[in-house]
> 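Sharing a structure, written as structure tokens. Questions coming.
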Number of protein chains: 2
Amino acid sequence: MSILFSRECEYALQAVSYLALKPAGELTSIKDLTKKLRIPYHFLAKILQRLVGKGLLISQKGPSGGFGLAAPAESITLFHVVDAVDGSDFLHRCVMGFPECSGKHPCAVHGTWGDLREKVYQMLVNQNVAQTAQEMRKPEYRD
Amino acid sequence: MSILFSRECEYALQAVSYLALKPAGELTSIKDLTKKLRIPYHFLAKILQRLVGKGLLISQKGPSGGFGLAAPAESITLFHVVDAVDGSDFLHRCVMGFPECSGKHPCAVHGTWGDLREKVYQMLVNQNVAQTAQEMRKPEYRD
DNA sequence: TTAAATTAAGACAAGAAAGTCTGAATAGCA
DNA sequence: TGCTATTCAGACTTTCTTGTCTTAATTTAA
Ligand code: SF4
Ligand code: SF4
């Protein structure tokens, strides 16, 4: 099981971060991405296509085609990506899985968990993919 | 998709909390639990059996049999339950799904996410199921 | 204009998680 | 003793997620 976000969403975060590393306007093919990130080729293709649909990425077919960010890396936050793929339900759900967080009769962890969710949200919103791209400069991700 | 913990784990948390509401030594049948918590009967049975195996619950067969806590409610924390069902991997995993958190080349969210995981852990460890049981006294869970 | 390289679209397959069913074992009780 | 209510064990089914494959459309460049 994945933590907090779906596998697809995790891959999306990784892929967008990788694209953020490239100069604006440069396109990267699925082949390149899949080689660096070790994400299944066709699965990644679907994910990227969805992100194009959501307006986060642009794409071009044909030789020298590929994918690139649709906006400056500094303006795309992790939350943009998460929201596009998994949605934002996770910001409202009870950690114990109780059906409704009425708020009228909160349990003992209600406040604590609410705070943590908020902090996760802040983390995602405050982090843009230009910053995250630095991760890609780690030795293990170099050519 | 469930958040942070598997469905099975969420059900376990709910069930143990419900049992914590009963006087020590009193046994509750799956039938009763499933009626109150709206958890599928046979699925709940498997979960409870696993918790017995892990030593968190005790059980007795036959008429007037059922399940009960194996220790005082105050001594069982949410983390005990989570650990028994889902394990504690979630305390070490990267929120973006990157394979390894080496720590040698941390990305920009590494520290923040690590702090949040730690706070989740503290929440689970500090909360015992006697406290959580109060949730069950909510109007919507009364008979 | 043709060939090659790429994305686009969607059906299909495999695997994992969630849920169901059946029969056996055990315990209480008349 | 037998009857009934319960847990126990495990196989089975369903549903969801993840991953694969195939074919079409588009673009570039020889
Ligand atoms: S009150 Fe507590 S248990 Fe209930 S929904 Fe809110 S966080 Fe979850
Ligand atoms: S450095 Fe950041 S992206 Fe890499 S594993 Fe740690 S938290 Fe995840």
Side-chain angles (χ1 to χ4, degrees), chain A residues 1-15 19 22 25-35 37-70 82 85-87 89-90 97 99, chain B residues 1-15 19 22 25-35 37-70 82 85-87 89-90 97 99:
Chain A
M1 202 200 23
S2 65
I3 185 174
L4 211 46
F5 305 130
S6 68
R7 207 70 189 274
E8 179 172 353
C9 187
E10 292 180 348
Y11 288 159
L13 288 165
Q14 296 176 21
L19 291 176
K22 301 299 175 95
E26 182 175 325
L27 299 179
T28 308
S29 69
I30 302 174
K31 197 146 52 101
D32 282 0
L33 282 162
T34 207
K35 196 181 298 176
L37 300 174
R38 306 291 170 145
I39 299 172
Y41 186 95
H42 294 283
F43 195 25
L44 180 55
K46 278 206 306 196
I47 295 169
L48 295 176
Q49 282 162 28
R50 171 186 287 206
L51 291 176
V52 170
K54 293 279 182 173
L56 265 119
L57 300 183
I58 54 170
S59 68
Q60 195 176 21
K61 294 179 183 175
S64 78
F67 297 85
L69 301 184
V82 167
V85 180
D86 274 3
D89 276 7
F90 75 97
Chain B
M1 202 199 25
S2 66
I3 185 175
L4 211 47
F5 304 130
S6 68
R7 206 71 184 273
E8 179 172 354
C9 188
E10 292 179 349
Y11 288 160
L13 288 165
Q14 296 176 22
L19 291 176
K22 301 299 175 95
E26 183 174 325
L27 298 179
T28 308
S29 70
I30 301 174
K31 196 146 53 99
D32 281 1
L33 282 163
T34 208
K35 195 181 300 177
L37 300 174
R38 306 289 171 145
I39 299 172
Y41 186 95
H42 294 284
F43 194 25
L44 180 56
K46 280 206 306 194
I47 295 170
L48 295 175
Q49 283 162 28
R50 171 186 287 205
L51 291 176
V52 170
K54 293 279 182 175
L56 265 122
L57 300 183
I58 53 169
S59 68
Q60 195 175 22
K61 294 178 182 175
S64 77
F67 297 84
L69 301 184
V82 168
V85 179
D86 273 3
D89 276 7
F90 75 97

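Chain A is the first sequence line, chain B the second, and so forth, proteins listed ahead of strands; every chain is numbered from 1.
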> Would you check if the side chain of A:R7 reaches a backbone N or O of A:S2 as a donor-acceptor pair within less than 3.5 Å?
no

> Once each nucleotide of nucleotides 20-30 of chain D is scored for protein heavy atoms under 4.0 Å, what B/S/- sequence comes out, 5' to 3'?
BBB--BBBB--

> Does some side-chain heavy atom of A:V52 sit less than 4.5 Å from a side-chain heavy atom of A:I58?
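No, every pair of side-chain atoms sits at 4.5 Å or beyond.
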
> Where along residues 47-54 of chain B does a heavy atom fall under 4.0 Å from DNA chain D?
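Under 4.0 Å from DNA chain D: B:Q49.
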
> Any heavy-atom pair between the side chains of B:L69 and B:L56 that's under 4.5 Å?
no

> Measure from the side-chain N and O atoms of B:D86 to the backbone N and O of B:F5, and report whether any donor-acceptor pair falls under 3.5 Å.
no

> Could you check whether atom NZ of A:K22 has more than 12 heavy atoms from other residues, nucleotides or ligands sitting under 6.0 Å from it?
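Yes, enclosed.
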
> State, yes or no, whether a side-chain contact exists between A:L51 and A:F67 at a heavy-atom distance under 4.5 Å.
no

> Do the side-chain N or O atoms of A:Y11 get closer than 4.0 angstrom to the phosphate oxygens (OP1, OP2) of D:dG19?
yes

> A:R7 has an atom CZ; how far is it from atom C1' of C:dA14, in whole Å?
15 Å

> Which heavy-atom pair separates A:I39 from A:Q14 by the least distance, and what is that distance?
CD1-OE1, 4.1 Å

> To the nearest Å, give me how far apart CG (B:L33) and P (D:dT6) are.
12 Å

> Nearest whole angstrom, please: distance from the P of D:dT6 to the CG of B:L57.
18 Å

> Nearest whole angstrom, please: distance from the P of C:dA8 to the CG of A:L27.
11 Å

> Using atom CD of B:E8 as one end and atom P of C:dG19 as the other, report the distance to the nearest whole Å.
10 Å

> Would you indicate whether the side-chain heavy atoms of A:L33 and A:L19 approach each other to under 4.5 Å?
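A side-chain contact under 4.5 Å exists here.
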
> In whole angstrom, what separates B:D32's CG from D:dA5's P?
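About 14 Å, once rounded to whole Å.
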
